[in-house]
Amino acid sequence: MTQAAASEKQATSGDHGGELLIWLNGKLVPKSEASINVYDHGLLYGDGCFEGIRLYNGRIFKCASHIDRLFKSAERIRLDIKKTPAEVDALMRETIEANGLTDGYIRLVVTRGVGTLGLHPFRCPEPGIFCIADKIQLYPTEMYDEGMPVVVAKRPRIPVACLDPRIKSLNYLNNILAKVEAIDAGVLEAIMLNTDGYVGECTGDNIFVVKDGAISTPPPEAGILEGVTRQFVMDLCAELGVPLKERLFRIDEVFEADELFLTGTAAEIIAVCKVDDSTIGQGSEGPITRKLRERFRDIVSANAPED
Ligand code: PMP
């Protein structure tokens, strides 16, 4: 294994002693045996949907919201999961238990299933379902205090009329190519604009700007995934009395922000210290971001809400 591969493995995978067990189409199978049929349309066409979910202290954070979004994504691509939300909930818990996890990250995936070589989605009689419960650390720990640098991607987000971004689909190439722009620039995340030039979101995170004590985040019409963490942070703002508005804004407001932060299941809440060559605010985590991150940490470590 190369050094880069070893450090990637360490960053994304916990030490489970034995081999990780994956829930795959009704069975728990060792990771090395958990493979997908090459005729699965999830693989051939990115035809499917997924969720990334956190487990904190034995509780599945916002479990119901994730299951609800998975079913909505599936409905929007006319994919019949052929399970009830309660059955999906149960298979996730079975996977967590089989791996003895109390804290970690769950990847729940539904593919169109095995079909023919043509695109025809309805020639795939059974959906494929798998669930991975593992560890994750998306960004280095020190970036949470110091903030992370990002860039503005040149590539816009796919317009809503072409692909509804509320669908958390298996087709992430638009985001991956923007992520490549970030990596080429030496950073880990990129801000994506929509084709009208408004700020949308990042490649795997939602975005919030803070100006004069008030927060703004792009509305769904900007062409974003409606993040579960985004909604939780909006609820936190209401609880803490921090004014927050969903509204369209352009990139100049990002450069002029007092604070800027991103949210996502894997990222949680992380400050941005720099966009392209411009320092944001003080160049480290600002007071409002810190307050939200501390409140978030207190809630999830004490008793993470599952609804
Ligand atoms: N936007 C995109 C494109 C994402 O992939 C994600 C999830 N990684 C998010 C936003 C954040 O959503 P959530 O808080 O539900 O993880």
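Every number for a ligand or one of its atoms is a count from 1 in the order of the listing. Residue numbers start at 1 and run along the sequence shown.
Residues Phe261 and Tyr144 place their aromatic rings such that the two centres sit no closer than 6.0 Å. Taking the six-membered ring wherever Trp is involved, the centroid distance between the rings of Phe50 and Tyr172 falls below 6.0 Å.
If you check the side chains of Thr229 and Glu268, you find no donor sitting under 3.5 Å from an acceptor. When only modelled atom types and interatomic distance are considered, Asn174 and Arg155 share no side-chain donor-acceptor pair under 3.5 Å.
By the 4.5 Å heavy-atom criterion applied to side chains, Cys131 and Ile106 are counted as neighbours.
Judged by distance alone, with hydrogens and angles left aside, the side-chain atoms of Lys179 form a donor-acceptor pair with the main-chain N or O of Leu188 at under 3.5 Å.
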Taking a 3.5 Å cut-off between nitrogen or oxygen atoms, can you list every pair linking ligand 1 to the protein, with distances?
from     : atom 1 : to     : atom 2 : distance (Å)
ligand 1 : 1 (N)  : Glu201 : OE1    : 2.6
ligand 1 : 5 (O)  : Lys168 : NZ     : 3.4
ligand 1 : 5 (O)  : Tyr172 : OH     : 2.5
ligand 1 : 8 (N)  : Gly204 : O      : 2.9
ligand 1 : 14 (O) : Val228 : N      : 3.3
ligand 1 : 14 (O) : Thr229 : N      : 2.9
ligand 1 : 14 (O) : Thr229 : OG1    : 2.6
ligand 1 : 15 (O) : Arg69  : NH1    : 2.9
ligand 1 : 15 (O) : Arg69  : NH2    : 2.9
ligand 1 : 15 (O) : Val228 : N      : 2.7
ligand 1 : 16 (O) : Thr265 : N      : 2.9
ligand 1 : 16 (O) : Thr265 : OG1    : 2.6

